[in-house]
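Fair warning: this is a prediction, and the values are worked out from it, not measured in the lab. As the structure lists them, so they are numbered: ligands from 1, and atoms in each ligand from 1.
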Amino acid sequence: MNEPKVTEHIASSNKALFSFELLPPLKGEDFTAIQQTIDPLVEFDPAFINITYHQQEVVYDTLDNGLMKKRTVRKRPGTVGISAAIKYRYGIPVVPHIICGGFTREETENALIDLNFLGIKNLLVVRGDPPVGMKTFVPEPDGNSYAVDLVKQITELNRGHYLEKDIKNNRSTNFCIGVAGYPEKHSESPNLESDLHFLKKKVKAGADYIVTQMFFDNQKYFDFVKNCRAKGIDVPIIPGLKPITTRNQIVVLPQTFHVDMPEALVKEILKCKDNRAVRQVGVEWAIQQSKELLKFGVPGLHFYTMGKSDNIREIAKNIL
Ligand code: FAD
């Protein structure tokens with residue numbers, strides 16, 4: 001299956017692309033959960049499906065003698081395998097995420113070679129968050145520190161430059177590179193201006209398009225696009241949307257993703273008697289957001305499923 005690059009698909013399409021993001025199953029689970037998420041959305045002709053990548057986590061076991069022993073676990077392995085399985089079972093292009101955290105540059109290069117063998121052309125390149133329980137991000141020795149470093153590594157591979165200089169058959173890869181953008185700025189950034197400065201560096205290093213962090217107020221996206229364009233960031237900016245599904249997300253999502261929730265949305269959620277009603281509010285809010293974004297002329301609508309697609313299906317039915 002010869003898949004288009006995300007940017008080629010955007011350029012050749014006369015309507016906004018529909019896409020969504022999946023998490024690889026927890027270790028021990030099989031492909032069923034993935035199928036249950038994808039199947040209800042296939043009829044809406046997804047342009048691509050993103051598969052996240054997760055850094056290993058550190059856990060501490062208490063030993064019989066009372067001492068603690070550090071152990072690393074990777075709860076959601078299999079991004080590359082799941083990507084290939086989706087691409088070949090469904091014939092839908094996939095966008096595996098590639099992260100800096102937990103990987104040396106050589107391990108990253110080997111993963112990229114695997115993806116290239118599998119005919120996967122699109123990547124979303126992010127730094128990764130610090131593992132659960134850690135406050136700051138620490139790269140691996142000989143790993144990439146920022147997403148821009150990872151973008152540079154992939155751009156070099158696209159030019160046929162491998163880490164080992166004297167490789168004989170240095171075939172170049174042809175990856176299309178997406179990166180993350182934050183309409184409400186990244187949590188570690190001192191201000192939006194600084195965040196945009198580093199976003200521009202990612203684009204200059206070879207990023208072909210941007211996918212945004214979730215936002216609940218479209219004005220944040222409109223301002224972000226305006227600020228990006230004013231800074232000379234001219235690649236497509238795909239908005240990322242997360243429909244609310246539970247009441248506790250009004251606390252958890254702002255805490256985790258450092259995003260604001262409009263008062264009107266919070267008020268509606270607080271009126272709900274149960275999470276079924278909250279889910280409906282989330283669906284209606286996302287439909288309104290999507291309609292306005294489509295009117296604005298966005299290149300695509302990207303949905304964060306967090307493993308649930310029945311609500312995305314309802315939204316898709318109303319907007320596509
Ligand atoms: P970067 O672009 O490296 O930026 C990180 C911070 O450093 C920012 O504050 C930036 O302003 C600053 N900065 C950048 N470059 C420099 C520099 N050279 N010097 C000083 N400061 C700099 N996480 C996962 O673990 N797995 C995933 O699959 C995943 N997918 C995501 C998909 C999307 C669409 C988004 C929006 C986020 C995703 N994340 C994922 C979360 C992401 O990894 C975190 O938000 C992470 O904290 C930052 O990643 P980044 O690529 O934006 O980092």
**Q** Would you please indicate if the ring centroids of Tyr53 and Phe103 are separated by under 6.0 Å?
**A** yes

**Q** So, regarding Tyr304 and ligand 1 (criterion: nitrogen or oxygen to nitrogen or oxygen, under 3.5 Å), is there a contact or not?
**A**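 By distance alone, the answer is no.
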
**Q** Is any side-chain heavy atom of Ile38 closer than 4.5 Å to one of Ser309?
**A**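 The answer is no, as the side chains (C-beta and beyond) never meet within the 4.5 Å cut-off.
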
**Q** I need the atoms of ligand 1 closer than 4.0 Å to a non-hydrogen atom of Gln213, numbered in the order shown.
**A**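 Every atom of ligand 1 under 4.0 Å from some heavy atom of Gln213: 36 (C).
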
**Q** Between Arg279 and Asp310, is there a side-chain heavy-atom distance shorter than 4.5 Å?
**A** yes

**Q** So is there a nitrogen or oxygen of Thr52 less than 3.5 Å from a nitrogen or oxygen in ligand 1?
**A** no

**Q** Among Asp195, Asn191, Val126, Thr212, whose heavy atom sits nearest atom 39 (N) of ligand 1?
**A** Val126

**Q** Does Glu156 form a salt bridge (charged side-chain N to carboxylate O under 4.0 Å, His left out) with Arg105? I'd like the steps, not just the answer.
**A** CA-CA 12 Å; Glu156 282 302 300; Arg105 285 161 53 76; over 6 Å; no

**Q** Which label fits Phe18 and Phe44: parallel for a plane angle under 30°, tilted from 30 to 60°, or perpendicular past 60°?
**A**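 Taking Phe44 first and then Phe18, their aromatic rings stand perpendicular (interplane angle over 60°).
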
**Q** Any N or O on Ser194 sitting closer than 3.5 Å to an N or O of ligand 1?
**A**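 Not met; the criterion fails.
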
**Q** Mind checking whether Pro93 and Lys121 have side chains closer than 4.5 Å, heavy atoms only?
**A**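 The answer is no; the side chains never approach within 4.5 Å.
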
**Q** Under 4.5 Å between any side-chain heavy atoms of Leu293 and Leu241, yes or no?
**A**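 Touching, per the 4.5 Å side-chain cut-off.
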
**Q** Using a heavy-atom cut-off of under 4.0 Å, does the side chain or the backbone of Asn50 touch ligand 1, or both, or neither?
**A** neither

**Q** Taking C-beta and beyond as the side chain, do Thr52 and Leu22 meet within less than 4.5 Å on heavy atoms?
**A** no

**Q** Only heavy atoms of Ile99, strictly under 4.0 Å: list the atoms of ligand 1 that pass.
**A** 26 (N)

**Q** For residues Ile51 and Ser83, report the shortest heavy-atom separation together with the two atoms involved.
**A**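 Heavy atoms only, the tightest pair is CG1-OG, 3.5 Å.
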
**Q** Consider every N or O of His54 and every N or O of ligand 1, then say whether any pair is closer than 3.5 Å.
**A** no

**Q** Which is it for Phe137 and ligand 1 at heavy atoms under 4.0 Å: side chain, backbone, both or neither?
**A**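 The answer is neither; Phe137 stays 4.0 Å or more away.
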
**Q** Measuring from atom 44 (C) of ligand 1, which candidate in Val211, Val95, Asp129, Thr256 has the nearest non-hydrogen atom?
**A** Asp129

**Q** Can you figure out which of His197, His186, His302 has its heavy atom closest to atom 6 (C) of ligand 1?
**A** His186

**Q** Can a salt bridge be assigned to the pair Lys231 and Glu193 using a cut-off of 4.0 Å between side-chain N and carboxylate O?
**A**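 Answer for the salt bridge query: yes.
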
**Q** Give the residue and atom name of whichever protein heavy atom lies nearest to atom 22 (C) of ligand 1, and the separation in Å to one decimal.
**A**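 For atom 22 (C) of ligand 1, the nearest protein heavy atom is Tyr146 CE2, 3.3 Å.
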
**Q** Using distance alone, determine whether Val148 and ligand 1 share an N or O pair under 3.5 Å.
**A**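 No; the residue has no nitrogen or oxygen that sits under 3.5 Å from a nitrogen or oxygen of the ligand.
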
**Q** Report the part of Leu199 (side chain from C-beta onward, or backbone N, CA, C, O) that has a heavy atom under 4.0 Å from ligand 1; answer both or neither where that applies.
**A**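 For Leu199, there is no contact with ligand 1 at all, from either part.
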
**Q** Is the shortest side-chain N to carboxylate O distance from Lys271 to Glu268 below 4.0 Å?
**A** yes

**Q** Please check atom 4 (O) of ligand 1 for a protein heavy-atom neighbour under 4.0 Å.
**A**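 It does not; no protein heavy atom is within 4.0 Å.
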
**Q** Does any N or O atom in Tyr182 lie less than 3.5 angstrom from one in ligand 1, N or O only?
**A** yes

**Q** Decide whether an N or O pair under 3.5 Å exists between Lys202 and ligand 1.
**A** yes

**Q** For ligand 1, does His97 get within less than 4.0 Å through its side chain, its backbone, both, or neither, judged by non-hydrogen atoms?
**A**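 Only the side chain of His97 comes within reach of ligand 1.
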
**Q** N/O of Glu188 under 3.5 Å from N/O of ligand 1, yes or no?
**A**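 No, no N or O pair falls under 3.5 Å.
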
**Q** Strictly below 4.0 Å, N to O, side chains only: are Lys220 and Asp260 in salt-bridge contact?
**A**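 Counted as a salt bridge, because a side-chain N and a carboxylate O are separated by less than 4.0 Å.
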
**Q** Do any N/O atoms on Phe198 end up under 3.5 angstrom from N/O atoms on ligand 1?
**A**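 No - when backbone and side-chain N and O of Phe198 are compared with those of ligand 1, no distance drops under 3.5 Å.
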
**Q** Quick one: which ligand 1 atoms are inside 4.0 Å of a heavy atom on Ala180?
**A** 35 (C), 36 (C), 52 (O)

